[in-house]
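Presented below is the structure to which this report refers.
A note on names: the letters A, B, ... follow the listed sequences, proteins ahead of strands, and every chain is numbered from 1.
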Amino acid sequence: MLKSSDESEKKNLARKVKDSEIGVPIVYGNIAFWLGKKASEYQSHKWTVYVRGAGNEDLGVVIKRAVFQLHSSFNNPTRIVESPPFELSESGWGEFEIIITLHFHSDVTDNPLHLYHHLKLYPGDESGPMSTKKPVVVESYDEIVFLEPSEGFLSRVKNHPAVIVPRLPADIILPPVPMEDVDKRKRGDANDHPLSQWFDNFSEADELLILAGARQQVQAQIARLRRQLSLVDGQPPQLKAASDL
Amino acid sequence: MDAKDILGLSKTALPIQEKKSKPPKETQRKPDGISREVYALTGGLAPLMPSVDVNQLKRKAQSENEKITWQWLPFTNSARKDNLQLYHWVRVVNGVPPTGDYLFAKYNKFVDVIKYTDEEYEKYLVDPAWTKEETDRLFDMCERFDLRFIYDLRFIVIADRFPSSKNVEELKNRFYSVSRAILIARAPSPGDVVGHPLVKEPYNVSQEIERKRALSMVLSHTKQQERRDVEVLAEAKRIAEARKAAKAAEEPELSVTADAGHDATDRAAVAAESLSPSPSTQFPSATVANPVSETASVLASLHVLQVYLRSYALEQMVQAASSSAGLRTIKRVEQTLQDLGVNLKPKVPTRAVCAEHLELRKEILTLLSLQKQLQYKEAEGSSYRDGSYAETPGTPPPKRLQHAADLDRTFTPDPLSYGGERIGKRDQKRKGPGRSEAPSSPAQSKRPRKYKASD
């Protein structure tokens, strides 16, 4: 009946923390360079499709491997990338949808996650003629949400810059984790990436500002309408719930 | 130029392919006991699956143990009264013909029509609505038309031929009650007869009439009625399932699966009943999936996923929140968002942004519904009004354009201009008894008079 300390520790690490979630902000997309003079019929652009941390952090902390599913006209269209940076470079002439499947470490979750990105090579009407110096960049921001993370996962990532860990209930005692190899972590991040100069900056502040302003306006409108309705009714203003719909 | 190149390339590709495929095909043809042409019928390959030869083989083996012959033999039918002898083919096993009665004799059923004596009639069977002759006649006909009893045609035949016009239910009633009475009377003790079906379930005339009427109504349903019934039931099912999903989301242990199946049918029936009294009024707003339960089921489904993108989660929540809104309303929400300068799908979907976005959408839905309510009230008011309102601008129709324009106006930096004048004008409006939320009391209709002063 005596369990070895290893087994019970494993059990503890696998225990899920209820009503909590972990968020990992990511940016995924592609950068495409026109090859100009060196372009041939079938290789007119050189492009890179990638998934990176929103602040260029190392995603290897949660992602075990990324699978890029390319158009069937490519040789070996299923490209597997086993370590960060999770990216794939190719040359070609066509735009198509790339399915990026992220597989996570075993202590994170067994379910994979799919991202869909339409590869963009050609700048479109607004941007004028193609140039070999200025690439076409299309990026999308999103956040991966992990529900009810295991304690092991939580303790592993709680201080990692790539991961947003919310405030945990005070009584949670997470098991200690071996000291991180800071150098290893830095190697996987995208800050020194040759293409990082083209990366977009996604700031939630602007969007929040617009949303807050919009909400204010709508709320003011609602209050006004309610006053009018109550006057029309000949009754004192009432607080009407949205479920009156 | 490109096209030529492409064609040129593919042209060289095809011939190469053809050459490659031909040689292998030649060497594959190996007839194994069948001629080459026959083998080619199967496509040049062996069949992938055996036809059911295996089972057939077994049966043949069995029949090889015994000797089966077929013989033309005479037979009698116990159901006949005249000892007619006919012939037919019989399967004889090892020289032994089969025993037993003619196969179809068992289907010759008779009904024991009770025969009562005159005494018994006097004692038990006197009934004001029936004379003795009629009753006798009835029983006589029942005996004559016996076999048709199973399909109830007998009584129809009898009813048709009966001298005094009594309908089928009355005849049946009389027949069953007489039989029942006789049975009980003749039984040595009541306990003996209690098990008899006649005694246990007496014929109920009114119920029968009602039942037949209902059946004929269902039969004569028009196509439209049928379609409506189907729709109502589908609605009930959907509502029951939405409720079930909400419940399942609240209780993580899905141990009630067995009950849920039973409950669902109950609830569907109840929901159908509650819906059917007013099907015509319900239908315009028929697709009422409660947003709260939809949200709960979205949360449940996200829980199952364990990992998902926040943009996806937001999409699902938006759908759930607008589940009770029609397409037009959703388009209006999107138009409003655009007017406000908000992206329909947030560009930076962080937790905070998604929460704000969802709340904003809900608030816009509330706003639109309030506008609609106001519209209705205005429309109501206008039907009581005389021409005095004709000059004033901004009266209800054309409603949608009107309100879209209003929205535009409000989103300029000066919001106060919107409400001012209109409120004043609204005060003058005649108001009938309040609509949905306010309980209409008789006092209500008197109150508007207070505001009439300025007219």
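To the nearest 0.5 Å, the span separating CD on A:Q221 from CG on B:L368 amounts to 10.0 Å. Remark: A:I210 CD1 to B:L360 CG distance equals 11.5 Å, nearest 0.5 Å. If you take CD on B:E359 and CD on A:Q219, they are separated by 9.5 Å, rounding to the nearest 0.5 Å. Note: B:K345 NZ to A:D142 CG = 10.0 Å, rounded to the nearest 0.5 Å. Separation of atoms CG (B:L358) and CG (A:L211) is listed at 11.0 Å; rounding is to 0.5 Å. To the nearest 0.5 Å, atom CG of residue B:L340 and atom CD of residue A:Q216 are 12.0 Å apart.
Looking at heavy atoms from C-beta onward, A:I144 lies in side-chain contact with B:L309 at the 4.5 angstrom threshold. When side chains are defined from C-beta on, A:V145 does not count as touching B:L302, because their heavy atoms never get closer than 4.5 Å. Counting only heavy atoms from C-beta outward, the side chains of A:N111 and B:Y308 never approach each other to under 4.5 Å. B:E356 places none of its side-chain heavy atoms less than 4.5 Å from the side chain of A:E204.
The part of A:S203 that comes within reach of chain B is its backbone (N, CA, C, O), which places non-hydrogen atoms under 4.5 angstrom from that chain. When heavy atoms are compared at a cutoff of 4.5 Å, B:L305 approaches chain A solely by way of its backbone atoms N, CA, C and O. With a 4.5 Å cut-off on non-hydrogen atoms, A:I222 touches chain B through its backbone and its side chain both.
Look at A:R215 and B:E363 and you find a salt bridge, because one of the NZ, NE, NH1 or NH2 atoms lies within 4.0 Å of a carboxylate O, short of that distance. Residues A:E143 and B:R351 are not paired through a salt bridge, judged by the lack of any N-O separation under 4.0 Å between the basic side chain and the carboxylate.
In plain terms, the two heavy atoms of B:V342 and A:A214 that are nearest each other are CG2-CB, 3.8 Å.
Within the 3.5 Å criterion, the main-chain N or O of B:K347 finds a donor-acceptor partner in the side chain of A:E207.
Of the listed residues (B:A313, B:P346, B:G341), the greatest number of heavy-atom pairs within a distance under 4.5 Å of chain A belongs to B:P346.
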